[in-house]
Amino acid sequence: MRGRARAALGLLGAFTLGLGLLGGLGAVNAPEAAADGCYTWDRTLSRGDSGSDVRELQVRVAGWASSGDPVDVDGVYGPETAAAVQRFQRGYGLSVDGIAGPETFGKVYELQDADCTPAHFSWGEFTSGDGSGFSGGNTSTSNVRTNVLRTMWKLEALRHKLGDRPLYVSSGFRSVSHNDDVGGAPNSKHTYGTAADLTGAPSLCELARQARDSGFNGIIGPGAPGHGDHTHLDTRSSRYWNAPSCF
C-alpha cells in the first residue's frame with residue numbers, strides 16, 4: 001500500500017511538471033520535492049550550514065557513516081555529514097556531491113512515511129514486548145521514540161546495503177521490567193531505544209559485518225556469549241564490537 005501511494009505521488013508530480021513544459025513557458029526548473037507529511041526541507045544544505053533542518057538530515061543519513069565513526073546528530077553540517085550524504089547519494093545512484101538539494105531530499109521523501117519512519121520499518125516492531133509501548137525505560141518516552149527513530153533509519157541503510165533484503169527485528173525497545181524478565185544486561189541499550197536485535201537472513205555475520213559501516217558502534221554477534229541466535233546492534237559513546245565468529 002505504501003509503495004502504491006508513493007508511485008501515485010510520483011506520477012502526479014511528473015504529470016504536473018509535464019504540463020508546465022507543454023505550456024510553452026520556456027525552461028522550467030524541477031520543483032522542490034514535497035514531503036509526505038513528516039518533514040520538508042526548504043533550502044539546500046551543504047558544509048557550514050547549521051540548524052534543525054541539518055539535524056533532521058543527519059538522522060536520515062546516519063546509517064551511511066564511515067566504518068566505526070557514527071554521524072553526530074548535532075545540527076552542524078561538517079565533513080562527516082557531507083561524507084555521509086555522499087555515501088547516501090552513491091548508494092541510491094544519485095549525483096554525488098555531498099550537497100543535500102532537491103534530488104537528495106526527493107530520495108529521502110521517497111524512503112520516509114508520513115510518521116517519519118523509514119519505508120521498511122514501523123514503530124510497532126520496536127515496542128516493548130510486555131505491552132508497555134515505549135514507556136518504562138531508562139529515559140523518557142519522548143527520548144525513547146527519538147532514539148528508536150534514529151535506530152530505524154540506520155537499519156534502513158543497512159537493509160539497502162545488504163541488497164534490500166528484509167531485516168527481522170526480534171527485540172527493539174524494552175521497558176526496564178521487561179528487560180529484567182528476559183535477562184537483559186543491566187542498563188541495557190534496549191531500555192533507551194538505541195538498540196535492536198536482528199535474526200534470520202541475511203546471516204548473523206553478514207549483519208554484524210555490514211553494521212560496522214552503518215553507524216552502529218555497538219555490535220555483539222556470533223561468538224559472543226548469548227548471541228548465537230541474533231546480532232545485537234546499538235548506538236553508544238564508544239566502539240564495542242564483539243562478534244568473534246564474524247570478525
Side-chain angles (χ1 to χ4, degrees), residues 2-67 69-121 146 149-164 213-215 235:
R2 291 174 179 174
R4 292 179 183 175
R6 288 198 182 90
L9 288 171
L11 289 172
L12 178 60
F15 178 68
T16 303
L17 179 57
L19 288 178
L21 290 174
L22 292 173
L25 299 177
V28 178
N29 292 328
E32 293 283 335
D36 55 8
C38 170
Y39 188 85
T40 300
W41 285 267
D42 58 9
R43 60 170 177 160
T44 293
L45 298 175
S46 59
R47 288 183 62 168
D49 288 332
S50 62
S52 59
D53 51 358
V54 175
R55 185 177 295 107
E56 293 287 346
L57 174 65
Q58 289 169 328
V59 169
R60 289 152 180 80
V61 301
W64 297 88
S66 61
S67 182
D69 186 20
V71 173
D72 288 330
V73 182
D74 58 5
V76 178
Y77 204 119
E80 69 175 14
T81 299
V85 169
Q86 286 181 316
R87 295 186 191 94
F88 175 89
Q89 292 168 331
R90 187 175 294 110
Y92 284 102
L94 310 179
S95 300
V96 180
D97 56 12
I99 298 171
E103 185 183 35
T104 298
F105 293 136
K107 174 54 68 173
V108 172
Y109 297 147
E110 181 182 332
L111 290 172
Q112 82 180 0
D113 290 319
D115 62 358
C116 297
T117 59
H120 299 100
F121 297 91
T146 294
L149 185 65
R150 294 178 181 183
T151 299
M152 280 195 266
W153 277 99
K154 291 183 180 183
L155 291 175
E156 183 72 24
L158 175 62
R159 184 186 190 279
H160 187 64
K161 294 173 188 179
L162 289 167
D164 289 314
D213 298 313
S214 300
T235 300

At their closest point, which heavy atom of [X] faces which heavy atom of [Y], and how far apart are they?
| X | Y | answer |
| --- | --- | --- |
| Ala65 | Arg87 | C-NH1, 3.7 Å |
| Ser67 | Asp213 | CB-OD1, 2.9 Å |
| Gly63 | Ala157 | O-CB, 3.5 Å |
| Ala119 | Glu156 | N-OE1, 3.8 Å |
| Leu57 | Ala100 | CD2-CB, 3.7 Å |

Say you draw a straight line from [atom1] of [X] to [atom2] of [Y]; how long is it, rounded to the nearest 0.5 Å?
| X | Y | atom1 | atom2 | result |
| --- | --- | --- | --- | --- |
| Gln86 | Trp64 | CD | CH2 | 13.0 Å |
| Arg60 | Tyr39 | CZ | OH | 8.5 Å |
| Thr40 | Glu56 | OG1 | CD | 10.5 Å |

Mind checking whether [X] and [Y] have side chains closer than 4.5 Å, heavy atoms only?
| X | Y | answer |
| --- | --- | --- |
| Val108 | Trp41 | yes |
| Cys116 | Leu149 | yes |
| Asp164 | Arg159 | yes |
| Phe105 | Leu45 | yes |
| Cys38 | Gln112 | yes |
| Ile99 | Val85 | no |
| Thr146 | Arg150 | yes |
| Thr117 | Trp153 | no |

Taking only distance into account, with no hydrogens and no angle test, what donor-acceptor pairs under 3.5 Å do side-chain atoms of residues 71-78 form with protein atoms, sequence neighbours excluded?
unit_1, atom_1, unit_2, atom_2, d
Asp74, OD1, Gln58, NE2, 3.1
Asp74, OD1, Val76, N, 3.0
Tyr77, OH, Gly98, O, 2.6

Problem - Non-neighbouring partners of Lys161 that pass salt bridge (Lys or Arg N to Asp or Glu O under 4.0 Å), sequence neighbours left out - result: none
Practice task
For Lys154 and Ser214, indicate whether the former's side chain and the latter's backbone hold a donor-acceptor pair under 3.5 Å.
Solution key: no
Practice task
List for me each residue that meets side chain to side chain donor-acceptor pair (under 3.5 Å) alongside Gln89, sequence neighbours excluded, and say none if there are none.
Solution key: Asp97, Thr104
Practice task
Please identify each residue that fulfils side chain to side chain donor-acceptor pair (under 3.5 Å) with Glu80, with sequence neighbours left out.
Solution key: none
Problem - Residues in side-chain contact (heavy atoms from CB on, under 4.5 Å) contact with Ser95, at least two apart in sequence or another chain - result: Glu103
Scan the side chains in residues 48-55 for donor-acceptor partners under 3.5 Å anywhere in the protein, sequence neighbours excluded, and list what turns up.
unit_1, atom_1, unit_2, atom_2, d
Asp49, OD2, Ser46, N, 2.9
Asp53, OD1, Arg43, NH2, 3.0
Asp53, OD2, Arg43, NE, 2.6
Asp53, OD2, Arg43, NH2, 3.3

